[in-house]
*Asks:* 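Dropping the structure in here first, questions after.
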Amino acid sequence: MATERPLKIAIVAGEESGDLLGADIVEALKRVTGREVRLVGIGGRHLQALGLTPLFDGGEIALMGLSAILRDLPRLMRRISQTAAAVANEKPDCLITIDSPDFSLRVAKKVRAADPAIPIVHYVCPSVWAWRPGRAVAMKPYVDHILCILPFEVRELARLGGPTGTYVGHRLTHDPGVLGAAKAQSLPRDLSDDRVKTLLVLPGSRRGEVRRLAGPFGKTISILRARGHRLRLLLPTVPHVTDLVRASVASWDEKPEIILDSERKWQAFGKADAALIASGTVSLELALSGVPMISCYRLDPVMRMAQRLVTVWSASLPNLIADRPIVPESYNEYVRPHYLARQLEALFSDTAYRAWQKDGFAEVARRMAVDRPSGDIAAGVVMRCIKR
């Protein structure tokens, strides 16, 4: 029997988290089908390691906030057209767009117009349940299926008249790094007041996040030191913001250990007593690892004006999945170092506050559980779309 031809998959992933999801589904497609997978499109270091030569640097579309998008709109529109034309010209077996909906879904719409025969799957449901619910029905003409990573999203898509969705779970629930960190966190640990506390500091993977949060985070650390705490600071980050992170922490009283290696990152998660973070996907990484945390966010000026459009009760993924407050959130002018320092003090010790979070994280893990690796479920959906 003749060997089946390689699968040609077009992929659009700009964010670091999207790049990881893309690599996961590509590896699963190889494993599930037994076929070679050839890639075209946009992606970061993880997809490039699997053979993708990107059309351009995916960091160009990893923009934070509406004002950043508006500022770069002419260039983004050119990149959208360039990407859609390249994908349509390649005639892939499937286009998989991942997250970054302001960019990737515009690409999907143009590809559908150029070649309606190309199946289109979008990975990570846009937060239509949080704001702009009309996006759900608007996606239906050009998105064939949505791979959802939150348990309630399939129901919400159906309620809002959007494309069909499948809950695939999340790659993090089977990630060896997360599982290793969770095992380390489950072991007995010294929570005495006079110990050196290990604090994870995660100011974000986007430049805007780092610029807005590095200052308050540094002041929080200064306050903790002034209140008698001995700290070890661990700061995992990603390559495209490393230089900015180094410059931003140069004035801190206590210098963090900057971590770029993935293995060392998960080791840091396992060692941490608590974490001070920018709200985002990392909150789910920490929850599944069992690391108590404080979540912060400072919106850019344009997004502040759009806040009234937000209908969701929390921006923290662990909170939304558990459907109860687990992770405390501080936003905009409420990102106050004196308050953050005292919250972290409560998480450093053997308190009911710490126990409440740990119990909530166990609930998150229960609700997110799937019977197969997420990549395998996602790969099955992609293959069904290809064969239709």
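No experiment lies behind these values; they were computed from the predicted model shown. Basis for what follows: all heavy atoms, side chains included, without hydrogens, waters or symmetry-related copies.
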*Asks:* How far does CD1 of I223 sit from CZ of R336, to the nearest 0.5 angstrom?
*Replies:*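 Separation between the atoms: 12.5 Å.
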*Asks:* Any idea how Y331 and Y297 line up, ring-wise: parallel (<30°), tilted (30 to 60°), or perpendicular (>60°)?
*Replies:* tilted
*Asks:* Any non-hydrogen side-chain atom of M293 less than 4.5 Å from a side-chain atom of F361?
*Replies:*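 A side-chain contact under 4.5 Å exists here.
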*Asks:* If you look at every heavy atom in P239 and L260, which pair is closest and at what distance?
*Replies:*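 Looking at all heavy atoms of both residues, the shortest contact is N-CD2, 4.1 Å.
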*Asks:* Is any NZ, NE, NH1 or NH2 atom of the basic residue among D175 and R171 found under 4.0 Å from an Asp or Glu carboxylate oxygen of the other?
*Replies:* yes
*Asks:* Would you compute the distance between atom OH of Y167 and atom CZ of R367 and round it to the nearest 0.5 angstrom?
*Replies:*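 Nearest 0.5 Å value for the OH-CZ distance: 11.0 Å.
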*Asks:* With distance as the sole criterion, is a donor-acceptor pair present between the side chains of E16 and H46 under 3.5 Å?
*Replies:* yes
*Asks:* Do V238 and L52 share a hydrophobic cluster, counting only Ile, Leu, Val, Met, Phe, Trp and Tyr and linking them when any side-chain heavy atoms are less than 4.5 Å apart?
*Replies:*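 No, separate clusters.
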*Asks:* Atom CD1 of I321 and atom CD1 of I326: how far apart are they, to the nearest 0.5 Å?
*Replies:* 8.5 Å
*Asks:* Do T164 and H145 pair up side chain to side chain, a donor and an acceptor below 3.5 Å, judged on atom types alone?
*Replies:* no
*Asks:* Check whether any side-chain N or O of R112 sits under 3.5 Å from a backbone N or O of I118 as a donor-acceptor pair, and report yes or no.
*Replies:*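 Yes.
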*Asks:* Quick check: does any side chain N or O of Q357 sit under 3.5 Å from a backbone N or O of V327, one acting as donor and the other as acceptor?
*Replies:*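 No; zero donor-acceptor contacts below 3.5 Å.
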*Asks:* What residues form a salt bridge (charged side-chain N to carboxylate O under 4.0 Å, His left out) with E27, not counting sequence neighbours?
*Replies:*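 With sequence neighbours excluded, E27 shows a salt bridge (charged side-chain N to carboxylate O under 4.0 Å, His left out) to no residue whatsoever.
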*Asks:* Have a look at D93 and tell me which of K387, R38, R5 forms a salt bridge (charged side-chain N to carboxylate O under 4.0 Å, His left out) with it.
*Replies:* R5
*Asks:* Any side-chain heavy atom of Q343 within less than 4.5 Å of one from F348?
*Replies:* no
*Asks:* With the 4.5 Å side-chain cut-off for hydrophobic clustering, are V291 and Y353 part of the same group?
*Replies:*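 Each belongs to a different hydrophobic cluster.
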*Asks:* Looking at D243, is its backbone amide N or carbonyl O close enough to the side chain of R246 to form a donor-acceptor pair, meaning the two atoms are under 3.5 Å apart?
*Replies:*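 A pair under 3.5 Å: no.
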*Asks:* Please say yes or no: joined through hydrophobic side-chain contacts below 4.5 Å, possibly via intermediate residues, are L284 and I149 part of one cluster?
*Replies:*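 Both belong to a single hydrophobic cluster.
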*Asks:* Any chance you could lay out the salt bridge (Lys or Arg N to Asp or Glu O under 4.0 Å) test for E363 and R366, step after step, and finish with the verdict?
*Replies:* CA-CA 5 Å; E363 177 65 18; R366 285 192 292 271; 2.8 Å; yes
*Asks:* Side chains of I146 and T166: closer than 4.5 Å at any heavy-atom pair?
*Replies:* no
*Asks:* Indicate yes or no: at least one non-hydrogen side-chain atom of W313 is less than 4.5 angstrom from one of P325.
*Replies:*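 They are in side-chain contact.
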*Asks:* Give me the atom names and distance for the closest heavy-atom approach of L202 to P236.
*Replies:* CD2-O, 3.5 Å
*Asks:* Is it true that atom NZ of K255 has more than 12 heavy atoms of other residues, nucleotides or ligands lying nearer than 6.0 Å?
*Replies:*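 Atom NZ in K255 is crowded, with more than 12 foreign heavy atoms closer than 6.0 Å.
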*Asks:* Verify, without hydrogens or angle tests, whether S374 (side chain) and V168 (backbone) share a donor-acceptor contact under 3.5 angstrom.
*Replies:* yes
*Asks:* Take R79 and Q82 through the test side-chain hydrogen bond (donor to acceptor under 3.5 Å, both in side chains) and record every step on the way to the result.
*Replies:* CA-CA 5 Å; R79 288 303 199 192; Q82 174 193 355; 2.7 Å; yes
*Asks:* Would you name the heavy atoms of E209 and S279 that are closest together and state the gap between them?
*Replies:* OE2-O, 3.9 Å
*Asks:* Would you mind reporting whether V249 and F217 have side-chain heavy atoms less than 4.5 Å apart?
*Replies:*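 F217 does not reach V249 side chain to side chain.
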*Asks:* Got a donor-acceptor contact below 3.5 angstrom from the S349 side chain to the A346 backbone?
*Replies:*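 No; zero donor-acceptor contacts below 3.5 Å.
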*Asks:* Keeping the roles fixed (side chain from R225, backbone from I221), state whether a donor-acceptor pair exists under 3.5 Å.
*Replies:* no
*Asks:* Report the relative orientation of the aromatic rings in F56 and F103; use parallel for angles under 30°, tilted for 30 to 60°, perpendicular for over 60°.
*Replies:* perpendicular
*Asks:* Under the criterion side-chain hydrogen bond (donor to acceptor under 3.5 Å, both in side chains), I'd like the reasoning laid out for K358 against Q185: C-alpha separation, chi angles, the key distance, then a yes or no.
*Replies:* CA-CA 10 Å; K358 289 277 194 176; Q185 283 288 334; 3.2 Å; yes
*Asks:* First locate atom CG of L105, then atom CZ of R135, and finally report the distance between them rounded to the nearest 0.5 Å.
*Replies:*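 One finds 9.0 Å between CG of L105 and CZ of R135.
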*Asks:* Can you name the closest pair of heavy atoms from G204 and V241 and give their distance?
*Replies:* O-CG2, 4.3 Å
*Asks:* For the side chain of R227 and the backbone of E345, is there at least one donor-acceptor N/O pair under 3.5 Å apart?
*Replies:* no
*Asks:* Could you go through the side-chain contact (heavy atoms from CB on, under 4.5 Å) check for T173 and V178 one step at a time?
*Replies:* CA-CA 7 Å; T173 61; V178 172; over 6 Å; no
*Asks:* Verify, without hydrogens or angle tests, whether T220 (side chain) and P216 (backbone) share a donor-acceptor contact under 3.5 angstrom.
*Replies:* yes
*Asks:* Looking at CE of M383 and CG of L29, how far apart are the two atoms once the value is rounded to the nearest 0.5 Å?
*Replies:*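 That separation rounds to 7.0 Å.
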*Asks:* Give a yes or no on whether a salt bridge exists between K91 and D115, defined as a side-chain N under 4.0 angstrom from a carboxylate O.
*Replies:*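 Here K91 pairs with D115 in a salt bridge, since their nearest N and O are under 4.0 Å apart.
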*Asks:* Do F269 and L286 have side chains that get closer than 4.5 Å, going by heavy atoms?
*Replies:*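 In contact.
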*Asks:* So, taking the atom named CD1 in I258 and the one named OG1 in T237, what distance separates them when rounded to the nearest 0.5 Å?
*Replies:*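 I258 atom CD1 to T237 atom OG1 measures 7.5 Å (nearest 0.5 Å).
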*Asks:* If you count heavy atoms of other groups shown closer than 6.0 angstrom to NZ of K8, is the number above 12?
*Replies:*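 It does: K8 NZ has more than 12 such atoms within range.
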*Asks:* For S314 and E329: C-alpha separation, side-chain torsions, deciding distance, then whether side-chain hydrogen bond (donor to acceptor under 3.5 Å, both in side chains) applies.
*Replies:* CA-CA 8 Å; S314 171; E329 302 172 275; 2.7 Å; yes
*Asks:* Quick one: does any side-chain atom of R106 pair with a main-chain N or O of D102 as donor and acceptor, under 3.5 Å?
*Replies:*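 The answer is yes, because a donor-acceptor pair under 3.5 Å joins these two groups.
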*Asks:* Among L21, V40, L47, which residue satisfies the side chain to side chain contact (heavy atoms under 4.5 Å, CB included) criterion with I11?
*Replies:* L47
*Asks:* Are K30 and E36 ion-paired here, with the side-chain N under 4.0 Å from a carboxylate O?
*Replies:* no
*Asks:* Does the side chain of P92 reach to within under 4.5 Å of the side chain of I9, using non-hydrogen atoms?
*Replies:*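 Heavy-atom side-chain distance check fails, nothing below 4.5 Å.
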*Asks:* What do the steps show when you test E333 against R298 for salt bridge (Lys or Arg N to Asp or Glu O under 4.0 Å), and what is the final call?
*Replies:* CA-CA 8 Å; E333 63 269 22; R298 276 186 164 176; over 6 Å; no
*Asks:* Is a donor on one side and an acceptor on the other found under 3.5 Å between the side chain of H170 and the backbone of L172?
*Replies:*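 Yes: the side chain of H170 pairs with the backbone of L172.
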*Asks:* Same cluster for L157 and I377 if Ile/Leu/Val/Met/Phe/Trp/Tyr side chains link at under 4.5 Å?
*Replies:*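 Same cluster: L157 reaches I377 through Ile, Leu, Val, Met, Phe, Trp or Tyr contacts under 4.5 Å.
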*Asks:* Can V124 and L147 be said to form a side-chain contact (heavy atoms from CB on, under 4.5 Å), step by step?
*Replies:* CA-CA 6 Å; V124 183; L147 305 174; over 6 Å; no
*Asks:* Starting from W129, can I reach V364 by hopping between I/L/V/M/F/W/Y residues whose side chains sit under 4.5 Å apart?
*Replies:*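 Result: yes, single cluster for both.
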*Asks:* Using side-chain hydrogen bond (donor to acceptor under 3.5 Å, both in side chains), reason through T97 and H122 one step at a time and then give a plain yes or no.
*Replies:* CA-CA 5 Å; T97 55; H122 186 69; 2.7 Å; yes
*Asks:* Taking side chain as C-beta onward, heavy atoms only, is V121 less than 4.5 Å from C94?
*Replies:*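 With C-beta onward as the side chain, the pair touches.
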*Asks:* In this structure, which one of K197, R189, R232, R354 forms a side chain to side chain donor-acceptor pair (under 3.5 Å) with D273?
*Replies:* R189
*Asks:* Might you point out which heavy atoms bring I294 and P328 nearest each other, and give the distance in Å?
*Replies:*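 Looking at all heavy atoms of both residues, the closest pair is CD1-CG, 3.4 Å.
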